[in-house]
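A quick note: this is a predicted structure, and the numbers were derived from the prediction, not measured. Atoms within each ligand, like the ligands themselves, are counted from 1 in listed order.
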Amino acid sequence: MLSAKEIRDSFKSFFESKGHHIVPSAPMVIKDDPTLMFTNAGMNQFKDIILGNKAAKYTRVADSQKCLRVSGKHNDLEEVGMDTYHHTMFEMLGNWSFGDYFKREAISWAWEYLVDVLKLDPKRLYATVFEGAPDDNISRDDEAAGYWMNFLPEDHIINGNKHDNFWEMGDTGPCGPCSEIHIDLRSDEERAKIDGRDMVNKDHPQVIEIWNLVFMQYNRKADGTLEPLPAKVIDTGMGFERLCMALQGKTSNYDTDVFTPLINKISELSGKSYGKEHMVDVAMRVIADHVRTISFSIADSQLPGNAKAGYVIRRILRRAVRYAYTFLDQKSAFMYRLVDTLIDSMGDAYPEIAKQRDLIMKVIKEEEDAFLRTLDNGIRLLDNVIAEAKKNGKDMISGKEAFVLYDTYGFPLDLTELILKENGMTLNTKEFDEQMLAQKTRARNAAAMETSDWVVLAEGEQTFVGYDLDEVSTKILRYRKVKQKNNEYYQIVLENTPFYAEMGGQVGDKGKLIGADGQEIEIFDTKRENGMGVHLTKSLPAQLDGEFKASIDKKARLSTSCNHSATHLLHAALREVLGDHVEQRGSFVSPEVLRFDFSHFQKLTPEEIKKVERIANSHVREAIALDEHRNMPIAEARNMGAMALFGEKYGDEVRVIKYGDSVELCGGTHVANTGNIGMIKIVSESSIAAGIRRIEAITGANVEDAIDELSTTLKNVAAMLNNTPNVVDALKKSIDENADLKKQVEEYFVERVNNLAAELIEKARISHGIKVVSLSGLRLPEVVKNTAFRVRELSPEATVFIAATCDPSGKPLLTVMLTEDVVKNGKNASAMVREAAKAIKGGGGGQPGFAQAGGKDRDGLSVAMQTLAKNFE
Ligand code: ATP
Ligand code: MG
């Protein structure tokens, strides 16, 4: 029996023997394409070539590509685990022809590989062909059917509709018919009962599609019509895990050696066995599948997070935790313990996961812990909702409440439903769906981008000249209008361009486009789309054809380049100071600031930060000239010591940027000499995720500005301290003096209050045997209060204190203090101040023995005092 690894290798050697160049898998997480978050098919990395934006280096290519289908056009998430042949992440084996061979070879080689090389039983194979579409004016794909007839009997060739057998890249762009190969893996008895032909495309878990051959021959325009594609493309994709199942005589992908080690480990850790109980099996498949996806995603630098791709990954992880929680009784983190098993079985083919083991485990565990807390929290909230509903005699929970749990607290809907069921209750699902729909519409409106067709002024490829030039004479190749929310702008593609298009964390250039007639158009940003720089502008030039001068904002570009080169120096310095485990995890480079995210487990100490700065700045002062290699074979770059990046994209040549010991693969713009940077200053250091730190730094003129600001502040402070040469000492002296004074004032207060209380008691009026002590006039509130308490201390029995005072800002205050025996006789300070406060337009209260009230009208103070005094006449 062939092992998974042998099967993967055999595919590559077969197509190599047919003249194909074997390329590595592109990363699963896509960083620079606004239209796609994850690679979802083998063709993604060749999109530029298929669209004709880039010339193909090899016209025949084959590979095994890590794919993820959990969002957008391909979303298999809900199937995964429920069935036995859809995964979130899977490997797609594929072969391509860019303007080289077409249907005949694609079909006969697929057959040769499956039947002659791998020895699959031809009687179990079926092929589908496109039945045609009158609305598009396309007839049945008789050409493909004809080639299949060389190998298959007619009843194994099945017509398929537009949905299954016509492939389109998007609403517009390359498209064409496709032919799928299906395999029937049922037992002989079952096959005898129902013909395999009738089971194709019927969602039977053992009659499944294994290989799709796409024949791109048309281009769809924005108005919906088709035109022939100049260079036809073959694009095939075969599910590797499904092929393993067919070849290893299994009926589930999870029974192949791709998954059994994981399933066994899950079984061992949870104490449950696989194959006994339906939902336990589903849970084990979900976990085995998802732990692969999450681990590979983390290795590709996409951590679980709150937004975009990070959020998708977080949701996958949570789905697994939720199944483990409910069906495998795992109430504490456990998935992270599967990572070693995964590395054992896949680490050879994908060394990135072995290399990042510690980070992967740590991140998964932290996410698991956090979500388990969310679950506990959600269950508590839901319990309250249920209790409230029961109290009101209801047996249905509103969809709104469930949606809040789901949306705000991340509590899974199915868990809500399960818990409700256990309590004999139901959920208003209609209301829930309405909430969900409303939210989706909100999200869609925010993101929707409408593009018109490209208006092509001239054919040709774009050349980026911005590594060498700030300004170039050029022409417009094409442009189109884009509408997004209430925003309208244009995208322009230039032939030669000095504008750097946003990529690898470096922001796009801004600048101007100047026409032959002198008209200037502002370019406010430059983005990358399908490998091409697209210039964004609010308005189009009046004269679109002819020569233009394209000129970037040089000052902004220089600051950006300083920041980018500084990022490299800091990266090298961080590795020197902290160790080789430091690896780039993300970066952002703009004219103002640079951010660099890297793997490291502790907070950097102030000494470490200083060391890193010192090293990086020493390289700035060494004024090292840029050593740039634009087209270096990847192997040579590695030999030079370039940080080995995994999964470089197709195209074996890379750009290497070297400043002394810092050697990096990088497409960004850089300074000619590190001396240009002037100086690097780290301004902050923080944690952004488990095991990932972020530093922010500024360079050059920005450091100058920061220093200016700092020294101005210092000068102002010194001026306040009579321009003393030693600010720190002077300030310390002033602080000490201040503390001394404060102490003195406090002492004085105590003394003053003590004297005042004694004086007032002396002067007290006696009424029915009670001493009535009173105070009025301008007094600080704390003096009044302390005096009241001091009076009580000096005269603890048969004494009352009444005060109607005013603080220095003019606010009136009433205060009443009664000794305990007076309170016992039925008097109440709180009631008294409340009554008297009417006179000062205020209110207040307190305890029976002590109460205060503030007010707005100081003119009422004497009336208030009379009211208070009346209580003791
Ligand atoms: P299906 O109808 O089975 O979902 P598909 O039409 O979505 O397949 P394609 O987009 O043509 O599949 O992808 C090419 C091949 O990749 C398929 O023939 C199949 O073998 C494999 N494949 C597709 N989706 C998955 C998945 N989620 N998990 C594993 N393999 C898959
Ligand atoms: Mg599918």
Determine whether the side chains of [X] and [Y] contain a donor N or O and an acceptor N or O closer than 3.5 Å.
X	Y	answer
Glu91	Tyr350	yes
Gln302	Lys308	no
Tyr113	Ser10	yes

Is there any N or O on [X] that sits under 3.5 Å from an N or O of ligand 1?
X	result
Gly239	yes
Glu209	yes
His74	no
Ile210	yes

Q: Measure from the side-chain N and O atoms of Glu368 to the backbone N and O of Phe334, and report whether any donor-acceptor pair falls under 3.5 Å.
A: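 Answer holds: yes.
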
Q. Between the side chain of Asn95 and the main-chain N/O of Thr236, is any donor-acceptor distance below 3.5 Å?
A.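 Looks like no, no N/O pair under 3.5 Å.
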
Just to be sure I read this right, does ligand 1 sit under 4.0 Å from the backbone of [X], its side chain, both, or neither, counting only heavy atoms?
X	result
His86	both
Arg242	side chain
Glu241	neither
Glu79	neither

Q: Taking the six-membered ring for Trp and the full ring for Phe, Tyr or His, determine whether the centres of Phe38 and His74 are under 6.0 Å apart.
A: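 When the ring centroids of Phe38 and His74 are compared, they turn out to be at least 6.0 Å apart.
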
Q | Nearest option to atom 29 (C) of ligand 1, as decided by whichever heavy atom of Phe240, Trp211, Phe90 sits closest | A |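 Among Phe240, Trp211, Phe90, the closest heavy atom to atom 29 (C) of ligand 1 comes from Phe90.
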
Q: From the options Leu243, Thr236, Asp76, Leu213, select the one whose nearest heavy atom is closest to atom 27 (N) of ligand 1.
A: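 The option holding the nearest heavy atom is Asp76.
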
Angle class for the [X]/[Y] ring planes (parallel below 30°, perpendicular above 60°, tilted otherwise)?
X	Y	value
His87	Phe259	parallel
Phe98	Phe46	tilted
Phe11	Phe15	tilted

Can you list the atoms of ligand 1 that are under 4.0 Å from a heavy atom of [X]?
X	answer
Met92	13 (O), 14 (C), 16 (O)
His87	26 (C), 27 (N), 28 (N), 29 (C)
Asn212	11 (O)
Tyr85	28 (N), 29 (C)

Q) Hey, does Trp167 sit under 4.0 Å from ligand 1 if you only count heavy atoms? A)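 Trp167 does not count as a contact of ligand 1 under the 4.0 Å cut-off.
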
Q: Quick one: do Asn44 and Gln65 satisfy side chain to side chain donor-acceptor pair (under 3.5 Å)? Show the steps, please.
A: CA-CA 10 Å; Asn44 296 155; Gln65 171 68 49; over 6 Å; no

